[in-house]
Protein chains: 2
Amino acid sequence: MEHKIKLKNTPVRNAILKIFKEASVPLDAEMVFKKISKIKDLKGTNEATIYRNLTTLEQGKVLRKIDLRKDSIHFELADLHHHHIVCTSCEKVEDFENKEIEKILSKVTKKSEKFTKVTDHSLELFGVCRECA
Amino acid sequence: MEHKIKLKNTPVRNAILKIFKEASVPLDAEMVFKKISKIKDLKGTNEATIYRNLTTLEQGKVLRKIDLRKDSIHFELADLHHHHIVCTSCEKVEDFENKEIEKILSKVTKKSEKFTKVTDHSLELFGVCRECA
DNA sequence: TTGAATGCAAATCGTTTGCATCTCA
DNA sequence: TGAGATGCAAACGATTTGCATTCAA
């Protein structure tokens, strides 16, 4: 349960990290809250604590924010950098990786006039999955 | 002032479209609201009307939602499909286009297992601009 | 005429925050 | 011990919605 940042090693925070490591899709605060609430020793955890942890972990570059064009902000582990195809009519999310895109992006980045460094990017595809089609 | 969808041709809606056509950056509801409020004949326009129009225009594929990792949802004209480099510490946004990426994306799309069609995508880069660096 | 658009105010809902208390390091 | 973490409740702010009214087609 290694942290990249100097943060206290609390039960809730560890559980949140574990949840993200086991998750196959990006999670929002409510989803994390529900999962935490199912853990025997953490049942009483307050939702504000979840929000604070997500914020802290994102600032510490452990998590990354993702916009799936849903109502809430989603997060995933920052070190697993893949992209997503999101169904606009259900909750389905498919991951994909593509090295070519990363290469092109770094070229684009260098061409920028106003920016000296680009630290992160988001790439999401939106469509309709087989089931919803 | 051609609409792609059959919507009523109201003063507020036309003004909103004009604002987007003249905008060089994505706009959120509040920005549109402020611009509308400066127009003599539309000064009294209610903010809820702006929200409703943005929603309607997005559903009608006239506008596209964009997430700039700011507090609010931004929009831009759907037919101008470029991407953005966003400063995480100020409001600066730089546009860029890249045909290669589009090509790769259409390949990726075809490989998808769960999705039959991908209709849209978002690609935003995040970094720090010269001024903020 | 009539369905869509608007104004207004209240409601929603995801998220944040102040403050007292507790816990890890 | 002291900074960070948590609980709780209240606050916030962006966005939505119900309802009566107005307007475009």
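Letters A, B, ... are given to chains in the order of the sequence lines, protein chains preceding strands, and every chain is numbered from 1.
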Mutual orientation of the aromatic rings belonging to F96(B) and H83(B) [parallel < 30°, tilted 30-60°, perpendicular > 60°]: tilted
Rounding to an integer number of Å, can you tell me how far [X] [atom1] sits from [N] [atom2]?
X: I73(A); N: dA14(D); atom1: CD1; atom2: P; value: 13 Å
X: N14(A); N: dA5(D); atom1: CG; atom2: P; value: 12 Å
X: L27(B); N: dT15(D); atom1: CG; atom2: C1'; value: 17 Å
X: K70(A); N: dT15(C); atom1: NZ; atom2: P; value: 15 Å
X: L68(B); N: dA14(D); atom1: CG; atom2: P; value: 15 Å
X: E30(B); N: dT15(D); atom1: CD; atom2: C1'; value: 12 Å

Can V93(A) and I85(A) be said to form a side chain to side chain contact (heavy atoms under 4.5 Å, CB included), step by step? CA-CA 6 Å; V93(A) 178; I85(A) 308 181; over 6 Å; no
Taking the minimum atom-to-atom distance to the side chain of [X], which one of [options] wins?
X: S72(B); options: dT15(D), dA5(C), dA5(D); answer: dT15(D)
X: N46(A); options: dT16(C), dG7(D), dT6(D); answer: dG7(D)
X: L7(B); options: dA5(C), dG14(C), dA14(D); answer: dA5(C)
X: Y51(B); options: dT15(D), dA25(C), dT6(C); answer: dT15(D)
X: N9(B); options: dT16(D), dA25(C), dA24(D); answer: dA24(D)
X: A48(A); options: dT6(D), dA9(D), dA3(D); answer: dA9(D)

What nucleic acid atoms does N53(B) come within less than 4.0 Å of, heavy atoms only: base, sugar-phosphate, or nothing?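 Touches sugar-phosphate only.
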Regarding R69(A) and the six-membered ring of F126(A), is the cationic atom NZ or CZ under 6.0 Å from the ring centre and inside 45° of its axis? yes
Just to confirm, is there a sub-4.0 Å distance from OP1 or OP2 of dT6(D) to any side-chain nitrogen or oxygen of T10(A)?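 Yes.
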Are K114(A) and E94(B) ion-paired here, with the side-chain N under 4.0 Å from a carboxylate O?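 Result for this pair is no, no salt bridge flagged.
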Any salt bridge between R64(A) and E58(A), counting N to O under 4.0 Å?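 No, R64(A) and E58(A) are not salt-bridged.
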Please compare A29(B) and T49(A) by the position of their nearest nucleotide in DNA chain D and report the one closer to 5'.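 This one resolves to T49(A).
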So does R52(A) reach the base of dG7(D) with its side chain, donor to acceptor, closer than 3.5 Å?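 In this structure, the two groups form a donor-acceptor pair.
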